[in-house]
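Everything on this sheet refers to the single structure shown next.
Side chains included, hydrogens not; waters and symmetry mates left out as well; all remaining heavy atoms used. These numbers come from a predicted model, not from an experiment. So that the names make sense, note that chain A is the first sequence line, chain B the second, and so on, each numbered from 1.
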2 protein chains.
Amino acid sequence: MNSRQPKMKDIAQRLGVSPATVSRALSGTGLVAEPTLSRILEAADALDYRPNVSARNLRRQCSMTVLMVVRDIGNPFYLEVLKGAEAAAREAGYSVLMGNTENDPEREADYFNMLRDGNADGMVLMTGKLPSSRFKLDKLPVVVALERIEGSAFPHVEIDNAAAASEAVHHLLSLGHRRIAHIAGPRGEPMAEARHKGYEQAMRKAGLEIPPGYEQQGDYLLQGGRDGCRALLSLVDRPSAIFCANDEMAFGAIHELRRSGLDVPRDVSVVGFDDIYLSQAMFPPLTTVSQPRADIGRKAMTVLLDIIAGGKPADMRVMMPTTLMLRESTAPQQEIETPRGNEI
Amino acid sequence: MNSRQPKMKDIAQRLGVSPATVSRALSGTGLVAEPTLSRILEAADALDYRPNVSARNLRRQCSMTVLMVVRDIGNPFYLEVLKGAEAAAREAGYSVLMGNTENDPEREADYFNMLRDGNADGMVLMTGKLPSSRFKLDKLPVVVALERIEGSAFPHVEIDNAAAASEAVHHLLSLGHRRIAHIAGPRGEPMAEARHKGYEQAMRKAGLEIPPGYEQQGDYLLQGGRDGCRALLSLVDRPSAIFCANDEMAFGAIHELRRSGLDVPRDVSVVGFDDIYLSQAMFPPLTTVSQPRADIGRKAMTVLLDIIAGGKPADMRVMMPTTLMLRESTAPQQEIETPRGNEI
DNA sequence: TTGAAAGCGTTACCAG
DNA sequence: CTGGTAACGCTTTCAA
């Protein structure tokens, strides 16, 4: 029960060398001469030696652990990001601790404390704001991914939400649509605001007025998409296309359209944003803005690891490219009822 | 730069007591007298003292960390489970480390090693098999969730896949369907086998022969559902209902049906399994078996924490209840083309 | 190139 | 109830 796991001392005694030498041999500093080196490596292997991480961390004052903090771990949106980040961390020998804030400022503060306490060496933050704190957080090794935290000095890895939104609206314009509405994300949420702005810019650039009621306030949720869409359908001059701030609301909108006896895309085109899992499996497969989520996670982790290693990030603002996925929820504008939509 | 974070020694010196007393006061053992106790607590608060976790773990030989190991972190299926488990762990003061195996036996072994090494105090395992090892793994604090690992002595928290599958098929039977096909999960995968068995049992119990070709081999993926469905449609006597081993394949099947000009549910009913995120947002909203995923995660973590605390699990096999979600992808069997399906 | 020894910050055992 | 002290297992000076 006592001496279960072999320690460095055991290997040292067995071989008649000092623990210090064993440590050097095992940590791969090229400071051990050849006869000894291989003997130590062999012995370690034979005994199935594994270093005690707590001891090492205590001594080295680091934890080899990074935090991934999201506001809702239940949101599939974060999955691929986590995946990419986990892979990058793993390759560098780091473990990933999950953090779920549920939008609770106290929890957010907790995770920052873990950082300050050295329980974690760095943090990838995917929440929209910073907890208030009496400490200067800006010096901590933190990278913000996907979201944008205004006024913070942390590096950001994100996409150009406004430009991507504009591109989506352009697509609708190029299909001949003019009455294009928007169902926005939560008010004040920077990502939602950026997408909204992109919509407005594209409309303005096309010389189009946005009719009253064409900008609906949503909440990123299915029901919000339904509600926004219902409001749009009640307008006298209802839109021929709807650009939604995320896919989930787009699904809600499509539901509502169908319930009203309208066909997508024949009667109304719908574009989403995010390209979440199975968006291509919806009916109709959703035209939407795809983010390279795994790459974003990977990049964020890479930047973070650089910072942890003491480097300065090359870019404080990394923009990852988006792709507009043209699928089947959009079709050319058709003023008059046509016998058949462009279903394949 | 040197003495940033206050340590117990600092508090002790400040107050003229010994570090040991500070430790006792702060760890809440009732072994410190009242005048001292509050002084220590106050001082700790004033200095914003936070314990060094590495040191504590080294000394206590535990990590206050549990591992959640899944085969693919990119699969939304695990999300809610993670969420439930994370919440339960957090409430007990544990952190959750993410593990992603990608079905790589080496990685799986890595995570078991983390356990053996004391880098983690326990593990919730959601992969189908055990890495081969020269060590007896059975004594490690591991709980298997969702999956079933045959021949292992670990407690399992799962659902009755066979019974739930039978219930789904019963639903189709009660709608008058007789020609019911199944698109199964990967061969050899216990969960998939159980669901398959449930299908066969329900059919047998109803006195129905399963026509040749009615059991398609799938892979849990969208394309697998498409392929399986296409094969079914090529049969002379094609099914009037399809029970798919998971939702994703059900979406694939529905796609394929629609491509063939068939309406769901008017021409063919489809049932899925899992009730993943947005299954209710599909068109048509999918009738499927819902698992209490968050509860499963929470329960698994609870059992695990019990084991870590030294207790024996009350049940080695906890079965969580499932619910058949009746939505709009199923309808009564209709031999002859009817003018209108039962769309709402 | 190697060894001795001093910690890293806590906790737990023994005395008092 | 409290103080001294010895670990926990590893890394890293400093000497040799």
Looking at B/Ser18, does any N or O in its side chain come under 4.0 Å of the phosphate oxygens OP1/OP2 on D/dT2? no

In whole angstroms, the gap separating P of D/dA7 from CZ of A/Arg59 amounts to 19 Å

Salt bridge check: are A/Glu91 and A/Arg298 linked by an N-O gap of less than 4.0 Å? yes

Would you indicate, yes or no, if D/dG9 has its OP1 or OP2 atom less than 4.0 angstrom from a side-chain nitrogen or oxygen of A/Tyr49? no

Using a strict threshold of under 4.0 Å (side-chain N to carboxylate O), is an ion pair present between B/Arg148 and B/Glu189? no

Any side-chain N or O of B/Gln61 less than 4.0 Å from the OP1 or OP2 oxygen of D/dG9? yes

Below 4.0 Å: OP1/OP2 of C/dT2 and any side-chain N or O of A/Thr36: yes

To the nearest 10 degrees, the angle between the two end axes of the helix from C/dT1-D/dA16 to C/dG16-D/dC1 (five pairs per end) comes to 40°

Would you kindly give the CZ-to-P distance between A/Arg24 and C/dT2, to the nearest whole Å? 8 Å

To the nearest angstrom, the CG-P distance between B/Asn52 and D/dC8 comes to 18 Å

Between B/Asp104 and B/Arg71, is there a salt bridge with N-O shorter than 4.0 Å? no

Is B/Asp72 paired with A/Lys83 through a side-chain N to carboxylate O contact shorter than 4.0 Å? yes

Tell me: CE of A/Met64 to P of D/dG9, nearest whole Å? 21 Å

Just call it for B/Ala20: base, sugar-phosphate, or nothing, with non-hydrogen atoms closer than 4.0 Å on any strand. base

